[in-house]
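Here the structure comes first, spelled out in structure tokens, and everything after it is commentary.
Each ligand, and each atom within it, is numbered from 1 in the order the structure gives. Quick note: numbers below take in every heavy atom, side chains included, and nothing from hydrogens, waters or symmetry partners. All of these numbers come straight from a predicted model, not from anything done at the bench.
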Amino acid sequence: MNEQVSLARYTTLGTGGPALWFDRPETADALVERLAWARDNGLPAAVIGLGSNLLVADEGFPGVVLKLAGSLAAAEAGEGTLAAGGGAPLAVCLHRARAAELGGMEFVCAIPGTVGGAIWMNAGAYGGDTSGVLIRALVADADGASWMTPEELGLRYRASGLRHGQVVASAEFGLEPRPVAEIKATVAEMQARRKAAQPTNKRTFGSVFKNPEHELTAGRMLEACGLRGFRIGGAQISPKHANFIENAGEARSADAIELIAEARRRAREQYGVTLHPEVQLLGALEVPPLDG
Ligand SMILES: Cc1cc2nc3c(=O)[nH]c(=O)nc-3n(C[C@H](O)[C@H](O)[C@H](O)COP(=O)(O)OP(=O)(O)OC[C@H]3O[C@@H](n4cnc5c(N)ncnc54)[C@H](O)[C@@H]3O)c2cc1C
């Protein structure tokens, strides 16, 4: 286990302070052992994927941060299935599935995270989501590991019922035979749509807010609130898509939190809508409550 590892380089926004302890377990047994060590030492434990939906406190995290490696970050295609570690990048999963002529995971081409992060968030795009292809997940905690079905995981719109301290060690997905050329065409079309609409060449953490139950998406609403390009410190609401926050240079997580607070305030004031953050927080960070 390493001490005081900076987490900024493990998040796509590039902000955040150090973890008190940091480790890369490579097997499910090692993962359970690290979670038990944290519990026995009275420390909180957290897992980090590719940090693509994560804001880490500038002061860091006073506990154990785990990043899955080895067999817990690998992926392999079988007969109509894909088996992957919780730390496997979704891009690797898509690559393996395509090589085995298996379709169904094309939507992950737009999501720069891992299998575990995708299950935690029930990540999705372009009409597909993780719950639609997941067969089961091996979930570890300080006492051991057991398989859970999508129902038991409580997957719903950009959320699951998983609790902190529960870590997806691996997962199995059910896929359908599909010619490579068709998979490639679908992926190319999704990526082109993505590039046209979102700031794909900037440091962001994806959508800031879940879409509200309203005729406007969160992005359109914040755009109408005049927030495109609005900046606090080194963080800026994307001039291209108002539901993204960019690191415009030397951003701190605290700057992003202030932007989130301002965006929620304006959406409430102008539309009477309460926007709920999609981004996950690690460490002593809090989105201030709205008045009333
Ligand atoms: C440019 C961009 C575009 C994006 N587009 C989309 C999109 O179209 N759709 C979408 O849904 N998301 C999108 N995202 C957000 C993000 O990629 C997803 O939420 C992704 O699933 C997060 O995975 P991660 O591994 O990076 O998780 P992290 O950001 O590292 O962590 C997010 C949460 O998941 C938890 N977690 C991570 N790994 C595990 C594990 N093994 N077990 C249990 N919990 C775990 C973390 O503790 C944390 O609470 C986008 C992000 C970016 C930067």
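If you check which protein heavy atom lies closest to atom 46 (C) of ligand 1, you get Val47 O, 3.3 Å. Atom 49 (O) of ligand 1 has its closest protein heavy atom at Trp120 NE1, 3.4 Å. The protein heavy atom nearest to atom 10 (C) of ligand 1 is Gly124 O, 3.5 Å. Ranking protein heavy atoms by distance to atom 12 (N) of ligand 1, first place goes to Ile111 CG2, 3.9 Å. Of all protein heavy atoms, the one lying nearest to atom 28 (P) of ligand 1 is Gly51 N, 3.6 Å. For atom 38 (N) of ligand 1, the closest non-hydrogen atom of the protein is Gly117 N, 3.4 Å. The shortest contact between atom 25 (O) of ligand 1 and any protein heavy atom is with Thr114 OG1, 2.6 Å.
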* Yes or no on ring-ring contact (aromatic ring centres under 6.0 Å, His included) for His276 and Phe209, after CA distance, side-chain angles and deciding distance? -> CA-CA 5 Å; His276 298 285; Phe209 297 106; 9.0 Å; no
* **Stepwise side chain to side chain contact (heavy atoms under 4.5 Å, CB included) test for Thr204 and Ile245** => CA-CA 6 Å; Thr204 72; Ile245 288 176; over 6 Å; no
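Here atom 20 (C) of ligand 1 lies nearest to Ser52 when heavy atoms of Gly87, Gly165, Ala137, Ser52 are compared. Residue Ala118 holds the heavy atom nearest to atom 21 (O) of ligand 1 of all those in Ser207, Gly206, Ser160, Ala118. Of the candidates Val65, Leu90, Leu54, Asn53, it is Leu54 that places a heavy atom closest to atom 48 (C) of ligand 1. Of the listed options Leu72, Val168, Thr200, Val168 places a heavy atom closest to atom 41 (N) of ligand 1.
Residue Pro112 touches ligand 1 through backbone and side chain together, judged by heavy-atom distances below 4.0 Å. If you look at Arg194 next to ligand 1, the close heavy atoms, those under 4.0 Å, all belong to the side chain. Proximity of Gln166 to ligand 1, defined as any heavy-atom pair under 4.0 Å, is confined to the backbone N, CA, C and O atoms. At a 4.0 Å heavy-atom cut-off, ligand 1 touches Thr204 through backbone and side chain alike.
Taking the six-membered ring for Trp and the full ring otherwise, Tyr10 and Phe22 have centroids separated by under 6.0 Å.
If you number the atoms of ligand 1 from 1 as listed, the ones under 4.0 Å from a heavy atom of Val167 come out as 41 (N), 42 (N), 43 (C). Contact atoms of ligand 1 toward Leu68: 41 (N) (distance under 4.0 Å to a heavy atom of the residue). Annotation for ligand 1: atoms under 4.0 Å from non-hydrogen atoms of Arg158 are 11 (O). Each of the atoms 8 (O) of ligand 1 lies under 4.0 Å from some heavy atom of Ala125.
Where the criterion is an N or O separation shorter than 3.5 Å, residue side chain and backbone included, Met121 fails it with respect to ligand 1.
Here the shortest heavy-atom pairing between Ala137 and Val168 reads CB-CG1, 4.3 Å. In terms of heavy atoms, Gly165 sits closest to Leu35 at O-CD1, 4.1 Å.
In this structure, a donor-acceptor pair under 3.5 Å is absent between the side chains of Arg203 and Thr12. Gln166 and Trp120 form no side-chain donor-acceptor contact under 3.5 Å, judged by distance and modelled atom types alone.
Counting non-hydrogen atoms of other residues, nucleotides and ligands closer than 6.0 Å to NE2 of His214 gives a total above 12. The number of heavy-atom neighbours closer than 6.0 Å to CD of Glu250, taken from other residues, nucleotides and ligands shown, is 12 or below.
In summary, Arg265 and Glu262 engage in a salt bridge, as defined by a charged side-chain N under 4.0 Å from a carboxylate O. The pair Glu278-Lys210 fails the salt-bridge criterion, with no side-chain N (NZ, NE, NH1 or NH2) lying under 4.0 Å from an Asp/Glu carboxylate O. Salt-bridge annotation for Glu246 and Lys240: absent, with no side-chain N of the basic residue lying under 4.0 Å from a carboxylate O of the acidic one.
When the options Arg98, Arg178, Lys184 are evaluated for a salt bridge (Lys or Arg N to Asp or Glu O under 4.0 Å) with Glu106, the one that passes is Arg178.
Proximity of Leu162 to ligand 1 is not established, as no heavy-atom distance is less than 4.0 Å.
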